[in-house]
Amino acid sequence: MIARREFITLLGGAAAAWPLAARAQQQPMPVIGILAVASPEDNAVRLRAFREGLRVAGYVEGQNVNIQYRWAEAHTDRLAELAAQLVHDQVSVLVAAGGTASALTAKAATASIPIVFGIGADPVDVGLVASLNRPGGNVTGVTNLNIEVAPKRLELLHELLPNIGLRLIP
């Protein structure tokens, strides 16, 4: 049987060690995986903007978030291998940079890791999401839908300023 003094000493030692154990069990930093079609040089402006956006949201690379980069260097045939590496490394989120090819490759690589894309095509038409209102699954992102929206913009402009066309044509 443990004597009272030994028990209190044991309990005190456990209490002192508890904060150390709790710190050791903290969650690791989240990891953002970037799957890019182009090279780092070709993405320099976008990367600066991305890092600035992270900073504004409270994330600083190397301090409270890690980023793993995979560059296809314009060799789209490498995308599947690079996406598989990011999935294997269990990144927290996968950013598909470089349009439809990287987004479709990322979607094919995982159904569980969240994927964020930015493309110019209609993500419903290319099979990335079920609908714009409810993308479903693990894929979401932004699109500018220039081809689909441009006629609507011109129609709206014509409604607002019906005689503008006469002034634009020399």
Side-chain angles (χ1 to χ4, degrees), residues 29-87 90-170:
M29 275 195 278
V31 178
I32 299 170
I34 296 183
L35 178 65
V37 172
S39 67
E41 297 78 24
D42 292 337
N43 280 297
V45 172
R46 288 183 200 93
L47 281 175
R48 274 194 300 278
F50 182 73
R51 287 185 187 114
E52 177 61 17
L54 287 175
R55 189 194 62 72
V56 168
Y59 294 96
V60 177
E61 186 175 4
Q63 290 182 10
N64 58 0
V65 67
N66 285 324
I67 303 177
Q68 288 190 21
Y69 303 92
R70 297 296 184 275
W71 308 103
E73 305 276 343
H75 299 282
T76 54
D77 56 315
R78 295 187 57 222
L79 285 171
E81 173 192 345
L82 299 173
Q85 291 173 6
L86 292 168
V87 170
Q90 299 179 345
V91 296
S92 306
V93 63
L94 205 159
V95 176
T100 306
S102 60
L104 288 170
T105 303
K107 182 180 179 183
T110 180
S112 58
I113 296 172
I115 298 168
V116 180
F117 65 83
I119 62 172
D122 183 341
V124 176
D125 284 350
V126 298
L128 283 171
V129 297
S131 77
L132 294 178
N133 291 343
R134 299 190 187 275
N138 63 319
V139 182
T140 191
V142 295
T143 181
N144 52 18
L145 293 175
N146 281 334
I147 294 171
E148 291 80 4
V149 179
K152 290 291 183 187
R153 289 179 183 151
L154 288 173
E155 183 180 320
L156 178 61
L157 181 63
H158 181 68
E159 285 179 28
L160 293 173
L161 304 166
N163 295 326
I164 192 87
L166 297 175
R167 287 185 232 137
L168 292 177
I169 300 172

Does atom [atom1] of [X] have more than 12 heavy-atom neighbours, drawn from other residues, nucleotides or ligands, at distances under 6.0 Å?
X     : atom1 : answer
Arg51 : CZ    : yes
Tyr69 : OH    : yes
Glu61 : CD    : yes

**Report entry** Side-chain touch Thr76/Val37, heavy atoms, less than 4.5 angstrom
**Finding:** yes

Query raised in the report: Is any side-chain heavy atom of Pro123 closer than 4.5 Å to a side-chain heavy atom of Phe117?
Result: yes

For the atom pair [atom1] ([X]) and [atom2] ([Y]), what is the distance rounded to the nearest 0.5 Å?
X      : Y      : atom1 : atom2 : answer
Gln63  : Arg55  : CD    : CZ    : 11.5 Å
Thr143 : Leu132 : OG1   : CG    : 7.5 Å
Arg78  : Gln85  : CZ    : CD    : 8.0 Å
Leu160 : Glu155 : CG    : CD    : 11.0 Å
Leu35  : Leu79  : CG    : CG    : 5.0 Å
Trp71  : Glu41  : CH2   : CD    : 8.5 Å

For [X] against [Y], the heavy-atom pair lying closest together:
X      : Y      : answer
Asn64  : Pro30  : O-CD, 3.4 Å
Lys107 : Gly127 : NZ-O, 2.6 Å
Pro40  : Leu47  : O-CD1, 4.4 Å
Ile115 : Ala96  : CG2-CB, 4.5 Å
Pro135 : Val129 : CB-CG1, 3.6 Å
Ala103 : Ile119 : CB-CG2, 4.4 Å

Report task. I would like to know whether Asn43 and Phe50 meet side chain to side chain contact (heavy atoms under 4.5 Å, CB included); could you show each step before the answer? Result -> CA-CA 10 Å; Asn43 280 297; Phe50 182 73; over 6 Å; no

**Report entry** Test item: Thr105 side-chain N/O and Ala80 main-chain N/O as donor-acceptor pair under 3.5 Å
**Finding:** no

Query raised in the report: Under the side chain to side chain contact (heavy atoms under 4.5 Å, CB included) criterion, do Leu54 and Ile67 qualify, and how do the steps go?
Result: CA-CA 11 Å; Leu54 287 175; Ile67 303 177; 3.9 Å; yes

Requested in this report: Apply the test side chain to side chain contact (heavy atoms under 4.5 Å, CB included) to residues Glu52 and Arg48: give CA-CA distance (whole Å), side-chain angles for both, the deciding distance (0.1 Å), then the verdict.
Outcome: CA-CA 6 Å; Glu52 177 61 17; Arg48 274 194 300 278; over 6 Å; no

Query raised in the report: Picking from Asn66, Leu94, Val93, what satisfies side chain to side chain contact (heavy atoms under 4.5 Å, CB included) with Val31?
Result: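 The passing option is Asn66.
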
Query raised in the report: With respect to Leu86, which candidate in Val95, Ile32, Val91, Thr110 satisfies the side chain to side chain contact (heavy atoms under 4.5 Å, CB included) definition?
Result: Val91

